[in-house]
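Shown next, in C-alpha cells, is the structure this report addresses.
All chains are named by letter (A, B, ...) in the order of the sequence lines, taking the proteins before the strands, and each is independently numbered beginning at 1.
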Protein chains: 2
Amino acid sequence: MLSNACKYAIRSILYLSLYSDKTKKIGVKKIADELETPQPFLAKLLQQLTKSKLVTSTKGPNGGFYLSEANQKNSIWDIVENIDGPNKFNQCFLGLSKCEDENPCPVHYIAAPFKNKILANFRDKTISQFSSEIIDTDKVLSLKDYDALKQE
Amino acid sequence: MLSNACKYAIRSILYLSLYSDKTKKIGVKKIADELETPQPFLAKLLQQLTKSKLVTSTKGPNGGFYLSEANQKNSIWDIVENIDGPNKFNQCFLGLSKCEDENPCPVHYIAAPFKNKILANFRDKTISQFSSEIIDTDKVLSLKDYDALKQE
DNA sequence: ACTAAAAAAGATATTTTTATCTTGATTTAT
DNA sequence: ATAAATCAAGATAAAAATATCTTTTTTAGT
C-alpha cells in the first residue's frame, strides 16, 4: 500500500516525535539502527523530509535530526503526501481513472469506505497526538526492540 | 495497494466472466483493447493465469481465453493470492513484521479492520457472484467504454 | 497436407523503487 | 585554526515491476 520509503518516513518521524527534541538530536545511524531500516536509504529520506520541513536537522558534532514544535503539528497524511504523493488514498482499487460513487468499479463500495476512513484518521491527528497515544497505549514502533517504550 | 498486474488480472477475469464461455472465447487483443491494458503484458499475465487454472485457454483459430465453470467458482482473493502473493492483506501497514492485535503498531487499529473486511469480501464471493452483481448494479470494468454493460 | 490463427514460451528492454557510495559543506569543541 | 562529527548533495548500483519482442507450438479450416 505505502512504499517502503513512506513506511520508513512515518516510523522515523514517530520515533523522533517520541525521543527527540531541539535539545536532544538523533543521528541517522541511531535511527536506522533502532528502526532496522537501511541506513543510507534512510539518510536520503531524512534529507528529503528535512527539505520538506517535516523534520529538522543540524549539522556538526552533536547535530542530528529532531522534530520542532512546528514539525510535531504535522499529520501522518502530510508525510504520505510528501513521499507517496497526494493521490495515495483516492485511487481506484482496480486502477480505473474514472471510478466514483456514480460510476463505481466492481469493488468500489468495498474499498472506498476504508480509504476514506484511513485518510480521515491520517489527516486529522497531529504527529504529537499520535505519539501521545503511542505512549498511553504501549504501541510498537521498532522492529529490533519492540517493547522499547516500556523500558523508557 | 495491488500491483498493476493484479489489477489487470482481476479486471480481465471479471471481463471474461461477463462476456466469455466455452463457446465464446476471446483473444488477448480484444481483451487488452477493451480494458485498455498493455497487450503483450496482458498476454503474459493470461498465460500465467491459465497455468494457475484461473482462466482457461485454447490455441489455434477460434481459440482464446474464457472462464470455465470451475474458473467461475474461484474468488477475487484467489487471483490476488496468485499474482501478489498470500500476504497482501495481512501485512502491517508500517511494515513491521510483528504487528498484531496484542502488539499493535501505531496505526494498527486504523488499518486492520479495513484489511479484514476487504479480505473477507474478496474471499467469500465467487467470480460469478461478482459478475451477477456487476450486471445487476451497472458497475464499471473498463474506461474505454465505461457503460459497456448498459449496451449489452 | 497446408495455411492461418491463436496461445505458449523464452528472451530482452525499460522504468521505478530501493539501496549504496563518495565527496563536500557545516558546525562544535578543543 | 584545526579536527572530528554530522548532515547535504550528487553519482552510481541493484532489484523489482512493467512492458515488449521473437520464436515455437497447437489447432481449425480448407
Side-chain angles (χ1 to χ4, degrees), chain A residues 1-12 16 20 22-33 35-68 71 80 82-85 87-88 95, chain B residues 1-13 16 20 22-33 35-68 71 80 82-85 87-88 94-95:
Chain A
M1 177 127 224
L2 302 175
S3 65
N4 283 356
C6 193
K7 291 173 190 168
Y8 298 162
I10 295 173
R11 286 165 60 204
S12 300
L16 288 172
S20 80
K22 70 190 90 54
T23 73
K24 193 186 171 199
K25 294 151 198 165
I26 306 180
V28 205
K29 197 172 301 179
K30 168 84 170 168
I31 303 172
D33 229 57
L35 303 183
E36 285 190 322
T37 55
Q39 196 229 276
F41 189 71
L42 191 64
K44 267 292 166 214
L45 194 55
L46 287 168
Q47 222 176 94
Q48 181 181 345
L49 293 171
T50 302
K51 239 191 275 179
S52 311
K53 317 267 188 201
L54 291 167
V55 319
T56 306
S57 71
T58 65
K59 290 180 178 178
N62 302 317
F65 297 91
Y66 68 100
L67 291 203
S68 67
N71 296 153
V80 175
N82 190 261
I83 304 292
D84 280 350
N87 297 314
K88 199 70 194 191
Chain B
M1 177 126 222
L2 301 175
S3 66
N4 284 355
C6 193
K7 292 173 189 167
Y8 299 161
I10 294 173
R11 287 167 59 207
S12 299
I13 286 180
L16 289 173
S20 80
K22 72 191 90 52
T23 74
K24 193 185 171 201
K25 293 153 199 165
I26 306 180
V28 205
K29 199 173 299 178
K30 168 85 170 166
I31 303 173
D33 228 57
L35 302 183
E36 287 189 320
T37 56
Q39 195 229 277
F41 189 71
L42 191 64
K44 267 292 167 212
L45 193 55
L46 287 168
Q47 221 176 92
Q48 181 181 345
L49 293 170
T50 302
K51 240 191 273 178
S52 311
K53 316 268 189 200
L54 291 168
V55 319
T56 306
S57 73
T58 65
K59 289 182 180 179
N62 303 317
F65 296 91
Y66 68 100
L67 292 203
S68 67
N71 297 151
V80 175
N82 189 261
I83 305 292
D84 281 350
N87 297 314
K88 199 69 194 191
L94 296 185

N/O-N/O pairs, protein side and nucleotides 18-24 of chain C side, under 3.5 Å:
{"unit_1": "C/dT18", "atom_1": "OP1", "unit_2": "A/N4", "atom_2": "N", "d": "3.0"}
{"unit_1": "C/dA19", "atom_1": "OP2", "unit_2": "A/Y8", "atom_2": "OH", "d": "3.2"}

Query raised in the report: With sequence neighbours excluded, what pairs up with B/K88 under the salt bridge (Lys or Arg N to Asp or Glu O under 4.0 Å) test?
Result: B/D84
Query raised in the report: At under 4.0 Å between heavy atoms, what does B/G63 touch on the DNA or RNA strands: base, sugar-phosphate, or nothing?
Result: sugar-phosphate
Query raised in the report: Pick one: which of B/V28, B/T56, B/I13 meets side-chain contact (heavy atoms from CB on, under 4.5 Å) with B/F65?
Result: B/V28
Query raised in the report: Taking only residues two or more places apart in sequence or in another chain, which ones pass side-chain hydrogen bond (donor to acceptor under 3.5 Å, both in side chains) with B/S20?
Result: none
Report task. Check side-chain hydrogen bond (donor to acceptor under 3.5 Å, both in side chains) between B/K22 and all other residues, then give those that pass, not counting sequence neighbours. Result -> none
Query raised in the report: Can you list the residues that meet the ring-ring contact (aromatic ring centres under 6.0 Å, His included) rule with A/Y8, with sequence neighbours excluded?
Result: A/F41
Report task. Report the residues that fulfil side-chain contact (heavy atoms from CB on, under 4.5 Å) with A/S52, sequence neighbours left out, ordered by chain and then residue number. Result -> A/Q48, A/L54, A/N82
Query raised in the report: To the nearest Å, how far apart are B/Y66 OH and C/dA6 C1'?
Result: 14 Å
**Report entry** Opening and closing nucleotides of DNA chain D in contact with chain B, under 4.0 Å to non-hydrogen atoms
**Finding:** D/dT18 to D/dG29
Query raised in the report: Starting at NZ of A/K25 and ending at C1' of C/dT28, how long is that distance when rounded to a whole Å?
Result: 10 Å
Query raised in the report: Among residues 48-57 of chain A, which contact DNA chain C at a heavy-atom distance under 4.0 Å?
Result: none
Requested in this report: Measure the CG-CG distance between B/L16 and B/N71 for me, rounded to the nearest 0.5 Å.
Outcome: 9.0 Å
Report task. Please state how far atom CD in B/Q47 lies from atom P in C/dA11, giving the value in whole angstrom units. Result -> 13 Å
Query raised in the report: Which residues pass the side-chain contact (heavy atoms from CB on, under 4.5 Å) test with A/K30, sequence neighbours left out?
Result: A/Y15, A/I26, A/E34
**Report entry** Shortest non-hydrogen contact from A/A9 toward A/I83
**Finding:** CB-CG1, 4.1 Å
Report task. For B/T58, enumerate each residue passing the side-chain contact (heavy atoms from CB on, under 4.5 Å) test, keeping only those at least two apart in sequence or located in another chain. Result -> B/K25, B/Y66
Query - By side-chain hydrogen bond (donor to acceptor under 3.5 Å, both in side chains) - contacts of B/S57 (at least two apart) - result: none
Requested in this report: Identify whether any heavy atom of A/L45 sits under 4.0 Å from a base atom; if not, whether one sits that close to sugar-phosphate; answer base, sugar-phosphate or nothing.
Outcome: nothing
